[in-house]
**Q** 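Structure below; questions to follow.
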2 protein chains.
Amino acid sequence: MAELAGVSSRTVSNVVNGYANVTERTKARVQRAVDELGYRPNVLARNLAQGRSGQIALVVPYLDTPYFSELLQSVIRAARARGYNVLIDQTDGDPEHERAFIAHGSRRLLFDGVIFSPLGLDQQALADHDPNLPLVILGERSSDGTFDHVGIDDVAASRQATEHLLDLGRRRLAAIGDQPYATGEAAQLRTRGFREAHAARGLTAREDLIISTPRFNRKDGAQAMAALLDLPEPPDAVFCYSDLVALGAIHTLVSRGLRVPEDVAVIGYDDIEDGAYSNPTVSTISPDKEMIATTAVERLLLRISSPTPPPALELRAPHKLVIRESTAGRVAVP
Amino acid sequence: MAELAGVSSRTVSNVVNGYANVTERTKARVQRAVDELGYRPNVLARNLAQGRSGQIALVVPYLDTPYFSELLQSVIRAARARGYNVLIDQTDGDPEHERAFIAHGSRRLLFDGVIFSPLGLDQQALADHDPNLPLVILGERSSDGTFDHVGIDDVAASRQATEHLLDLGRRRLAAIGDQPYATGEAAQLRTRGFREAHAARGLTAREDLIISTPRFNRKDGAQAMAALLDLPEPPDAVFCYSDLVALGAIHTLVSRGLRVPEDVAVIGYDDIEDGAYSNPTVSTISPDKEMIATTAVERLLLRISSPTPPPALELRAPHKLVIRESTAGRVAVP
DNA sequence: GTGAAAGCGCTAACAA
DNA sequence: TTGTTAGCGCTTTCAC
């Protein structure tokens with residue numbers, strides 16, 4: 001290849017990769033040859049020689065969920081800034097599909113590490129991953145010491161959301177989104193926050209108003225809200241475990257002629273853009289997605305480049321309560 | 001490697017790749033060795049040897065735009081079903097970034113082909129792509145004979161949307177989303193449909209009610225709508241060039257105390273899920289996204305596997321008009 | 001500071 | 001049907 005037009009091969013490699021020991025003169029010579037021949041290093045060959053792919057995988061259950069697509073954006077940006085491409089995949093929460101990604105499979109070499117938001121895999125299945133695969137887990141799992149975990153403090157955030165509803169003077173609070181089974185840890189933490197907020201004020205959460213949903217989407221929210229309204233004593237406030245659920249719930253409320261928040265106050269979780277423009281706009285828990293994304297990427301790359309695995313960390317990104325119309329009511333417009 | 005535990009190497013390759021000529025007996029022997037050693041073929045080496053990566057790239061301007069994330073989902077599914085991984089990237093509409101993807105660059109070998117939704121590149125810049133790169137363009141560009149193009153008939157769809165507003169008896173129609181410059185072809189086609197619908201009924205589109213926006217998002221929609229309402233004679237109906245724009249516009253209308261659709265009817269474009277749950281729900285043009293995605297993937301893989309480039313095709317996916325509350329009003333609920 | 005040569009682990013042309 | 005062997009194009013150890 002290019003060394004025909006000048007020197008040798010080791011040198012070309014050095015120049016292209018910007019290594020130290022090259023004379024200005026040789027460097028120029030190589031550069032000229034490169035330009036002349038329109039030479040482009042072959043990534044595939046480089047990957048094989050280096051035993052790395054320069055790619056990381058981002059594996060999430062659903063890509064059309066705004067929370068994930070907003071996160072995805074930041075992950076791509078962060079990875080690219082560090083010279084990595086992002087390979088993405090959606091699992092639909094299917095346990096087999098999820099397992100395939102973290103197991104020692106044939107695709108293993110395709111990515112140097114994985115950022116993974118599990119849904120169908122419980123804690124135990126998660127622990128059974130390829131020990132050589134650098135792994136960062138997103139969401140509400142706790143680390144078992146073999147991977148890093150990045151998330152927000154779900155219990156605290158949920159308590160905060162619930163307290164906000166109680167502060168409004170509401171007393172018949174419902175919660176939509178519980179998932180009382182092994183893979184529903186995320187949901188269970190939120191339910192815990194919901195209960196704790198009540199307990200902290202000497203109140204008791206009404207267990208019959210805690211509704212389970214298989215997913216956190218609009219449809220589930222709409223259906224759960226309908227079920228709540230059919231109760232003899234419907235709630236006067238609802239804590240939804242995602243903004244999508246909240247939007248679905250509001251949809252049901254409005255179409256039944258109820259006013260939000262006058263009749264029923266609603267608060268969501270995730271702070272997706274929809275919630276800032278919907279009618280009414282949706283109060284929510286806003287996790288710092290940018291920080292989650294960059295932290296996850298940074299930890300993963302550290303894991304990738306470390307000869308010995310770094311200690312497993314539990315990383316907490318900050319969150320805040322954002323109050324909008326669905327709890328505060330519409331602000332008068334001139 | 002594995003042949004130690006049985007036979008040779010060529011054979012292993014054959015077995016692993018499921019080629020024809022292998023005796024059952026040898027196959028079994030190899031299989032046993034593979035299992036025993038936990039052997040996994042090295043993708044990187046295979047890629048180099050085959051000169052292909054088994055990956056396709058999907059390049060879109062924004063990933064947090066529901067239209068793209070919904071599309072992305074279908075693309076991933078279609079590609080995976082055919083044994084391909086999807087590498088994705090977001091360009092933010094930056095011309096340089098976009099150019100880098102279709103030019104003959106060092107990342108070229110990383111993907112075997114590209115599905116590309118351009119935004120910052122005009123027709124001419126698009127034509128200047130690596131001729132060896134299999135390419136499928138999404139959106140409203142016309143092919144120059146070197147790539148396939150998949151989209152819907154934008155002029156017809158826009159005419160249909162506009163006619164729907166005229167059918168409601170509205171006569172002061174506005175349009176939000178025009179982009180009267182080289183890279184705004186998509187928008188211009190919609191504007192053309194808007195005008196044609198008027199002309200077909202002997203009416204004339206009001207040019208002062210055609211508003212340009214840099215992007216197709218909620219914020220732009222909200223601002224444009226505000227500008228329209230500040231006019232001495234505001235419109236009684238609005239055709240928005242995306243559902244996000246429509247949601248933004250509705251946000252402004254509602255917060256100014258106007259009723260949708262009684263005071264102003266609104267129709268969008270794309271049929272994203274938000275529009276089916278918003279308040280009011282949003283009438284829209286619904287492109288067949290699943291078909292767009294699978295068609296794009298199929299054509300791209302055909303292009304990748306063809307020794308001689310197949311003829312460039314203009315592929316039109318179907319669309320339909322979906323009428324919801326933002327034009328039809330709320331349907332009474334018992 | 002630069003050159004030569006040995007892999008990286010697979011595929012595929014060519015033989016047998 | 002199966003074995004041998006020559007690359008794929010780069011990185012990198014080891015001399016010079």
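So that the names make sense, note that chain A is the first sequence line, chain B the second, and so on, each numbered from 1.
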**Q** Answer yes or no: is there an ion pair linking B:Asp89 with A:Arg80, defined by an N-O contact shorter than 4.0 Å?
**A**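 Result for this pair is yes, salt bridge flagged.
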**Q** Choosing from C:dT11, D:dC10, C:dC8, which nucleotide comes nearest the side chain of A:Leu48?
**A**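 Out of C:dT11, D:dC10, C:dC8, the nucleotide with an atom closest to A:Leu48's side chain is C:dC8.
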**Q** Choose from C:dC10, C:dG7, C:dA12 the nucleotide whose nearest atom is closest to any side-chain atom of B:Ala49.
**A**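 Selected nucleotide: C:dC10.
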**Q** Roughly, in whole Å, what's the span from CZ in A:Arg46 to P in C:dC10?
**A**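 That distance rounds to 22 Å.
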**Q** Heavy atoms under 4.0 Å, any strand shown: does A:Arg40 hit a base, just sugar-phosphate, or nothing?
**A**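 Here A:Arg40 touches the backbone only, sparing every base.
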**Q** Is there a donor-acceptor pair under 3.5 Å between the side chain of B:Lys289 and the backbone N or O of B:Asp270?
**A**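 Confirmed, B:Lys289 side chain pairs with B:Asp270 backbone.
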**Q** How many whole angstroms separate atom CG of B:Asn47 from atom P of D:dC8?
**A**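 Whole-Å distance recorded here is 16 Å.
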**Q** Can you see whether B:Tyr62 has B:Arg215 sitting over its ring - NZ or CZ less than 6.0 Å from the centre and within 45° of the normal?
**A**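 Yes, B:Arg215 sits over the ring of B:Tyr62.
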**Q** Round to the nearest Å and state the distance from A:Arg52 atom CZ to D:dG9 atom P.
**A**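 That distance rounds to 20 Å.
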**Q** Starting at atom CG of A:Leu44, determine the distance to atom P of D:dC10, rounded to an integer number of angstrom.
**A**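 Atom CG in A:Leu44 sits about 11 Å away from atom P in D:dC10.
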**Q** Let me know the distance between CG of B:Leu110 and C1' of D:dC10, rounded to the nearest Å.
**A**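 Atom CG in B:Leu110 sits about 15 Å away from atom C1' in D:dC10.
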**Q** Taking CD from A:Gln50 and P from C:dG9, how many angstroms apart are they, rounded to a whole number?
**A**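 Spelled out: CD on A:Gln50 to P on C:dG9 is 14 Å.
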**Q** Can you confirm whether B:Thr91 sits close enough to B:Val60 that some side-chain heavy atom of one is under 4.5 Å from a side-chain heavy atom of the other?
**A**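 The answer is no; the side chains never approach within 4.5 Å.
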